[in-house]
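Everything numeric here is computed off the predicted structure, so don't read it as measured data. In each ligand, atom 1 is the first atom listed, and ligand 1 is the first ligand listed.
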Amino acid sequence: MQPKQYKDLDPSPRILLGPGPSTASPRVLRAMATPLVGHLDPQFLALMDEVQQLLRFVFQTENELTIPVSGTGSAGMETSLCNFIEAGDHVLIAINGYFGERLYQMANLYGAQVDRLERPWGQVFDPTEIESALKKKKYKLVALVHAETSTGALQPGIPEIAAAAHQQGALIVLDTVTSLGGLPVEIDAWDVDIAYSGSQKCLSAPPGLAPLTVSDRARQMLRSRKTPVANWYLDLTLLDKYWGQERTYHHTAPISMNYALREALRLAAEEGLQARFARHRTNAELLWEGLEALDLSMLVPLQNRLPTLTTPLVPPGVDELVVRQRLLNEFNIEIAGGFGPLKGQIWRIGLMGFSSRPENVLLLLSALEHILSKS
Ligand SMILES: *Cc1c(COP(=O)(O)O)cnc(C)c1O
């Protein structure tokens, strides 16, 4: 049977202002077209060192075990849990949005006794709340989300929470998927044990790699496991042999994605982290001002609001889906809606990495004004 003749790939030139992927830098896309070398080629091994060094820079860490996990952000999340949880371990998950919920689901799959600490979607935890939960019981690990992409809230007090975890002998896992490269993430200064991210959010490479960093304390915990890691692909004791000194085969590294991530990280280093954070902040403030001028108010109060993901409330009587469809069809702009308890109530506007530009903000604001004035 002959397959149907499909058309040339020719997607519309979208401006990606949703929760990810963000628009990839042309330099990153160009790097992906670089001819392949083998995954054990000395030239690729040298590139791996560069990627690791650049990852340490964006994570602000000296952690030796700092690697791009093959897979999207969720692979980073799963790596962060499956390596440090053994069946029966007590784990605490702070949940104030969808990704906290996902952490909870995953921790359960690995047989942990998981306790939930909850806050309504859109709110953040008072760090002392987490600290007192950690005092009530002996946990092996506590996990939480730094930047909750489902709500637009930024969790404060990470260093205090990390200190409380360590006082009880627990490890702290931090989801930095929507913060890394867009706002301060300081793994060593905050004493975070395990942090993961995604290539397609504030780093603006395509989805496909999950930056991960693991402290020596956590590595020690990994070495003292009584049972093998219940996941072959994401087992850090095996991955460490490829990314560490030995450089022995585990799985074939996604070569082109590593080219992409290297270029994305090089862009971050060229810009400088402080300048990059300031750019994200300035463009977010421009967006907030403009949304307020359109009489839209934000779900998250200013002091806990993410600069990388903004969540305006949908005004009464407006069909949020129609607005999003018109943004996409008439203006080539992608934003997202809310889900879970926030379904139909908010829009989610990402200004991440290469997408965080004043011209994108002004285009979105005028398109929104145009659509809202006629709906
Ligand atoms: C996007 C995201 C993830 C999951 O990443 P995927 O790349 O979709 O697998 C996890 N946590 C947060 C906070 C995210 O925004």
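The shortest N/O to N/O separation between Y196 and ligand 1 does not fall below 3.5 Å. Inclusion of T178 in the set of residues having an N or O under 3.5 Å from an N or O of ligand 1 is warranted.
Proximity annotation for atom 5 (O) of ligand 1: of G73, G208, G100, A75, G73 comes nearest, heavy atoms only.
Because its NZ or CZ atom is both nearer than 6.0 Å to the ring centre of Y104 and within 45° of the ring axis, R116 counts as a cation-pi partner of that residue.
Remark: ligand 1 atoms within the under-4.0 Å shell around heavy atoms of A147 are 13 (C). Residue R102 has at least one heavy-atom neighbour below 4.0 Å for each of these atoms of ligand 1: 4 (C). Against a heavy-atom cut-off of under 4.0 Å, T72 is close to the following atoms of ligand 1: 6 (P), 7 (O), 9 (O). Residue-ligand proximity, T149 to ligand 1, at heavy-atom distances under 4.0 Å covers atoms 12 (C), 13 (C), 14 (C), 15 (O).
Counting heavy atoms under 4.0 Å from ligand 1, residue K201 touches it through the side chain alone.
For D49, the salt bridge (Lys or Arg N to Asp or Glu O under 4.0 Å) partners two or more places apart in sequence, or in a different chain, are R247.
The closest approach between E148 and ligand 1 stays at or above 4.0 Å for every heavy atom of the residue.
Across all non-hydrogen atoms, the minimal contact from T149 to P19 is CG2-CB, 3.6 Å.
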